[in-house]
Amino acid sequence: MRPIVVVSASKGITDLLLDVAKGRKEVLKEIENRYTSIAREIGSFKLVKRIEEELDKLRRVAEGVGIADSVLTDYILSYGEKISKIIMVQALELNDIRAFELNATDIIVTNNTHGDAVIDYPATAIALEKVYSVIKNHSYVPVIEGFIGRSFEGEVTTIGRGGSDYTATTIASLLKIDKVYLVSDVDGIMTTDPDLVPTARLVKHMSYVEALEASMYGAKGINPKAFDPLVKIYSSNLLIGSWRNIGTMISREISRDFIGPKVIMLKDAGDYAYIAIVGEGVSSAKFVRDLLDTVVKLGIDIKGIQAHVHRPSIVLFVDKSRGREILKILHKVIFEGDQP
Amino acid sequence: MKIAKIIIIGFGNVGRAFARTIALKKKFVESRYGVSLSVVGVADSKGMALKSDGFSEYELLKLCEVPRSGVNLFSPYAYNYVDLKYMYDMVQPDIHVELTPANYVTGEPGLTNIMFALTRGAHVVTANKAPIVLKYKELLEIAKKRSLQLRFRSTVMGGTPLIDTIMSLRSEEIEKIEGILNATTNFILTEMHDKLIDFEEALKKAQIMGLAEADPSLDIDGIDAAAKLVILSHVIGCSISLDEVKRESLSKIKLRDVVEAIKEGFVIKYLAYFDVRRRETYVRIVKIPKTDVFAQVNGSLNAVRIKTDVGEILFVGKGGGGLETAHSVLDDVIAIAIGSEGGMR
Ligand SMILES: NC(=O)c1ccc[n+]([C@@H]2O[C@H](COP(=O)([O-])OP(=O)(O)OC[C@H]3O[C@@H](n4cnc5c(N)ncnc54)[C@H](OP(=O)(O)O)[C@@H]3O)[C@@H](O)[C@H]2O)c1
């Protein structure tokens, strides 16, 4: 079987559309310019016309409403992914890959919590089944919008920021597809924010619980909801990276060799900053002891510590002004093999 | 396997939803009914695409991706003009599916197209109401003469088998038909009640959500609902004309009226009504008690209550929407393809 492609809006578009929904009509121009220039670059008459058509509709909606309510906001937001889809299909076709558009609103059924809807798996499974019977014996590549769905009332919904991952994992788990590639402009999940620590490296393997824990501590990358279908329905492997390199694999379980710290993060929290170290095994007595030994040896001043045996994380509270420095030191010790 | 050759005339919302539905359900229909649905021609207002051995599922899906009025871009099967005669000569369709816009003054282009189809020996399925509203008797006569079927189940309460059910009531006498027959106006009223917004704002929302017909006056002035009453009158063998239906426009409703009604424990609805015996028929704004069944029918749902000499039947369901309408059209197409009788009165 050929892959199924789930697309997001192009970079920054969702924010611009949100502005439109809030009544700032002037940003429409920018959205139009961006998409029109992509369409021209790809250079297909049909594509230019299709995009103009969608932009016309968007303009009519935007000009029709002052400040959109949650239902209309979702409707407006859906144009980002919709236009991406049209572009992606055309781009694939120009590369001799037979692709076609699937409408997320025909397939992804959600509840009516606009802005942060939850996918209804049984209803979505029924819709997917039909599509699957058409594509499974053919070499056509279906392209579907991520992030958007349709409520039982028939309204367009959105499933939360980073929702395309959630769409992808839902489709994969319902169709029992083993691999989900989450492709963006970074090569994978990094041990820490490379802007803060230039020596950050890629994390090769992670388990679902580790990735979930990291996202709960605010790691960029994956929407926590994306794990829901993987845990409940079918455990596909997530492969995360860019077109250059797929650096990280996240699977239900990781082998014993990979137990240990994966990611270290710095966040501000009120008066303090906290440093969270995430990985299965880091809340074990041995890891905590070793970590504290290091802290003592290096003379790091900590304000508090938090760890639970059933959670794959340990959190150190530190002085705000020293956060970055401590992050760097701990990253060196934990991930770069430095002896304290 | 039996093959049913289909042409689709009118390729807008419903046309595309229909093509997509066929593409996705072709295998299912083949295994369940033993007929293969083969779309051999498609036309919009600017051009047509023809393929006498039938478009593949993939081609159908790709057809749905052409811009509006863009069927003529679907190379290598495309033509830059619409010529039904040429189309019929080329692809010899068995079933003509008419999905062009409704014009209640002339009936065109649907009327001429359907006449043509029948004279060329094709069965007809239409979602376009106008030809049925204006020339039901004439069309049915031609169809009967040639043993052809004329089906239009999607024209009233597209998402429910209302027309089929009424046709099957052979021994009952129908005395009264009343209901909420237009999704757009019901949506507008629901929005006004729930969110306490003005008529104009609610209308705008209906248009944005793609509920309203391209020309909203068809919905708001009650023409669409009246047309549906006329079609139902034809079906029960007691035809009325569109002019006979007295219409009150919903556009005069004010938020003030809604608020007042709510205070008094009422709900405002836009009801279509046909008293068969007295030949009294209208579409108008009414205040009904909150406990009335019609008061619970909200949003884009429709409902019809039919009173016969035996009892009452109530239908509630999706009124329209591209996908729902497309399925009703497909139901008609399948019924013809497997050779079930039309059952017209
Ligand atoms: N939408 C619903 O939920 C619904 C429900 C029940 C019934 N209906 C009825 O179904 C019909 C179609 O509705 P729709 O929503 O699909 O309308 P639509 O989107 O406006 O589509 C109408 C299509 O007919 C084409 N057309 C116009 N004149 C033509 C001609 N002379 N020859 C060939 N094609 C022609 C148009 O061509 P262009 O693309 O070139 O403009 C367009 O493709 C209408 O009669 C409507 O009342 C609709």
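Labels below follow one simple rule: chain letters A, B, ... track the order of the sequence lines, proteins then strands, and each chain is numbered from 1. Keep in mind that this is a model prediction, so the values were computed, not measured. Atoms considered below: every heavy atom in the structure, side chains included; atoms not considered: hydrogens, waters and symmetry mates.
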Visitor: Could you tell me whether the side chain of B:Glu65 reaches within less than 4.5 Å of the side chain of A:Ile86, counting heavy atoms only?
Guide: no
Visitor: Please identify, among B:Leu301, B:Leu61, B:Leu323, the residue contributing the most non-hydrogen atom pairs under 4.5 Å to chain A.
Guide: B:Leu61
Visitor: Name the region of B:Glu57, side chain, backbone, both or neither, that has any atom closer than 4.5 Å to a heavy atom of chain A.
Guide: side chain
Visitor: Would you indicate whether A:Glu26, at its atom CD, is surrounded by more than 12 heavy atoms from other residues, nucleotides or ligands within a distance under 6.0 Å?
Guide: yes
Visitor: In residues 101-112 of chain A, which residues are in contact with chain B at a heavy-atom separation under 4.5 Å?
Guide: A:Glu101, A:Asn103, A:Asp106
Visitor: I'd like to check the salt bridge (Lys or Arg N to Asp or Glu O under 4.0 Å) partners of A:Arg40; sequence neighbours left out, ordered by chain and number.
Guide: none
Visitor: So for atom NZ, which belongs to A:Lys179, do other residues, nucleotides or ligands contribute more than 12 heavy atoms lying within a distance under 6.0 Å?
Guide: no
Visitor: Can you tell which part of A:Val156 gets under 4.5 Å to a heavy atom of chain B, answering side chain, backbone, both or neither?
Guide: neither
Visitor: Can you tell me which portion of B:Ala17 sits under 4.5 Å from chain A's heavy atoms? Options are side chain, backbone, both or neither.
Guide: neither
Visitor: Which bit of B:Lys26 comes within less than 4.5 Å of chain A, counting heavy atoms only: side chain, backbone, both or neither?
Guide: neither
Visitor: Looking only at atom types and distance, does a side-chain atom of B:Tyr58 sit under 3.5 Å from a main-chain N or O of A:Phe100, one as donor and one as acceptor?
Guide: no
Visitor: Taking the side chain as every heavy atom from C-beta outward, state whether A:Glu93 and B:Lys62 have any atom pair closer than 4.5 Å.
Guide: yes
Visitor: For chain B, which residues of residues 47-58 of chain A have at least one non-hydrogen atom nearer than 4.5 Å to it?
Guide: A:Lys49, A:Arg50, A:Glu53
Visitor: If every non-hydrogen atom of A:Lys46 is compared with every non-hydrogen atom of B:Val66, which pair is closest and at what distance?
Guide: CE-CA, 4.4 Å
Visitor: Could you tell me which residues satisfy side-chain hydrogen bond (donor to acceptor under 3.5 Å, both in side chains) with A:His114, sequence neighbours excluded, listed by chain and number?
Guide: A:Asp74, A:Glu155
Visitor: Rounded at 0.5 Å granularity, tell me how far NZ in B:Lys204 sits from CD in A:Glu63.
Guide: 10.5 Å
